[in-house]
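Start at 1 and go down the list; that is how both ligands and their atoms are numbered.
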Amino acid sequence: MKNFTSIHDAPNVEQLVQQAFDFKKNPLSQSNFAKGKTLGMIFFNPSLRTRMSTQKAAQNLGMNIISLNVNDGWQLEFEDEVIMNGNKAEHIKEAAAVMSQFVDVLAVRSFPTLVDREKDYADLILQKFIQHASVPILSLESAILHPLQSLADLLTIQENKKTKRPKVVLTWTPHPKALPQVVANSFCEWMDFVDVDLTVTHPEGYELSSDFSKNATIEYDQNKAFENADFVYAKNWSSFNYYGKILSQDENWKVTSEKMALTNEGKFMHCLPVRRNVVVDDSILDNPNSLVIEQANNRTFAAQTVLFNLLKNKKTRYEK
Ligand code: SN0
């Protein structure tokens, strides 16, 4: 695997899932695999699970870790051919090339602006790292996708499904802030590769880019969508068509016990962080049918599998 920025970088999803379950059974089975290698982690935005689970995954493979919150470093310029006489001190060309001198994999987190759709969906920051770094790039959530989250979500569904082809419902929920479409986009993309019946439900105006939702059933009636669901994945996102806008904060879309009662004893999922009693009621999160903590646990094994594949057959930079 050269980089890991979406499911399209995974040559074989089934094999990736199997490897992740093997690591989950025996997390230290490859504890010397990446000895002497270093994971660089670059954060443009906040992170709790992604930072800790990816760090844990790297440690399980024997790696060292260097992490940088970009706001603690120089402000970076991403545009080419600009006269850098403003507040941006360093160009991504030098920054990515220099970071590559110290690490064997460079992991990057960068959220969308939610202002300029064209720029966000070109995934500029991640693409510039790919262009100018000389080591593999691992996405820790970009402006469009969150593949490590989706791989962990897939592991969680595979572990908990009771039928061969479960009904999975991705539901929009209210939220006080405008959030990226990233987690929803990525989840749809990964569900396309496995045997599930995916329904996406949201108020009108919250349609995702059809690039990601094209194979899902779209249902505007949330109650109808929940009928017989085996998994309910809750997530807020801002509008794609009216880019970055909050069109609704209708609390009728919150996930409640009454709505979960429509499902087939459905399991509840969310990538976290979650706003309690805005997105979903306490009674659901505090119920054994909630998988949110196991989803977070699976982040380690998703990241461990991906790091393993990025580093397979690679020497450290000090070896000939
Ligand atoms: C991010 C998102 O993409 O929706 C990260 C999820 C993994 N979530 C948030 O920014 C939530 C922020 C909040 O204030 O609730």
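A distance of 15.0 Å separates CZ of F212 from CE of M191, quoted to the nearest 0.5 Å.
Between the side chains of S142 and D123, a donor-acceptor pair is found at a separation under 3.5 Å.
Between Y242 and S239, the shortest heavy-atom contact is N-OG, 2.9 Å.
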Assess whether salt bridge (Lys or Arg N to Asp or Glu O under 4.0 Å) is satisfied between D230 and K267, documenting all intermediate values.
CA-CA 6 Å; D230 297 298; K267 304 280 188 191; over 6 Å; no
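Using a cut-off of 4.0 Å between Lys/Arg side-chain N and Asp/Glu carboxylate O, D197 and K167 are scored as not salt-bridged.
Between Y243 and Y121 the shortest side-chain heavy-atom distance falls below 4.5 Å. Within the 4.5 Å cutoff, side-chain heavy atoms of P166 are placed close to those of V196.
Taking atom 13 (C) of ligand 1 as the reference point, the nearest protein heavy-atom neighbour is R275 NH2, 3.4 Å. Nearest protein heavy-atom contact of atom 4 (O) of ligand 1 is K235 NZ, 2.7 Å. Nearest to atom 10 (O) of ligand 1 among the protein's heavy atoms is L179 CD2, 3.7 Å.
Backbone and side-chain nitrogen or oxygen atoms of H146 are examined, and none is located within less than 3.5 angstrom of a nitrogen or oxygen of ligand 1. The distance criterion of under 3.5 Å between nitrogen or oxygen atoms is met by E141 with respect to ligand 1. Considering backbone and side-chain N/O of R109, none are found under 3.5 Å from N/O of ligand 1.
Assignment of L272 to the shell around ligand 1 is supported, since a heavy atom sits closer than 4.0 Å. Between R49 and ligand 1 there is no heavy-atom distance shorter than 4.0 Å.
Of all atoms in ligand 1, listed by their number and element, those nearer than 4.0 Å to a heavy atom of K177 are 12 (C), 13 (C), 14 (O).
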